[in-house]
**Q** 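There's a structure below that I have some questions on.
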Amino acid sequence: MMTPDDAVAEARARLQAERAEVMDELDTLHVRLETKGDYGLGEGDPMIYQWELNLALCKRAEQHLAEIDEALGQLDRGVYGRCDRCGKAIEPERLAVLPHTRACSQCAQRRR
Ligand SMILES: [Zn+2]
């Protein structure tokens with residue numbers, strides 16, 4: 001049987017592992033973004049397209065990182081796993097798949 005403390009410890013471990021992955025991804029993307037100068041400024045240049053794609057990926061990774069940090073902050077404050085919208089506990093199965101989610105599956109579905 002998993003206790004709530006176990007679930008929190010597991011969520012923290014997962015979030016920290018996920019955070020390390022995103023940090024690695026951001027490192028890689030930042031290195032790629034810094035090489036823009038070598039691409040020249042040709043309009044419609046496939047290299048520019050690639051650079052813009054990297055920029056978009058970078059922004060997404062930063063957003064992801066912010067979500068992870070928010071979830072880690074909630075763990076520290078002891079309020080992790082509560083739905084932002086209805087205030088109910090988020091299903092453990094959902095947290096296992098999406099440890100940084102802020103909404104229970106019902107509220108997440110309603111949003112669509
Ligand atoms: Zn909810």
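Bear in mind the structure is a predicted one, so any value in this text is a computation, not a measurement. Along the sequence shown, residues are numbered consecutively beginning with 1. Counting starts at 1 for both ligands and their atoms, following the listed order.
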**Q** Donor-acceptor pairs under 3.5 Å, side chain of residues 86-93 to any protein atom, not counting sequence neighbours: which ones?
**A**
from	atom 1	to	atom 2	distance (Å)
Glu91	OE1	Ser105	N	3.3
Glu91	OE2	Ser105	OG	2.8

**Q** Everything protein-side that's N, O or S and under 2.8 Å from the Zn ion (ligand 1): list it, residue and atom.
**A** Cys83 SG, Cys86 SG, Cys104 SG, Cys107 SG

**Q** Quick one, Arg102 and Arg82 - any side-chain contact, counting heavy atoms below 4.5 Å?
**A** no

**Q** Less than 4.5 Å apart, side chain to side chain, heavy atoms only: is that true for Leu15 and Gln74?
**A** no

**Q** Taking salt bridge (Lys or Arg N to Asp or Glu O under 4.0 Å) as the cut-off, I'd like each qualifying pair that reaches into residues 17-29, sequence neighbours left out, listed once.
**A** Arg19-Asp69

**Q** Distance-only, no hydrogens or angles: does the Arg32 side chain make a donor-acceptor pair with backbone N or O of Trp51 under 3.5 Å?
**A** no

**Q** Taking side chain to side chain contact (heavy atoms under 4.5 Å, CB included) as the test, write out the residues that go with Glu62, two or more places apart.
**A** Leu26, His30, Cys58

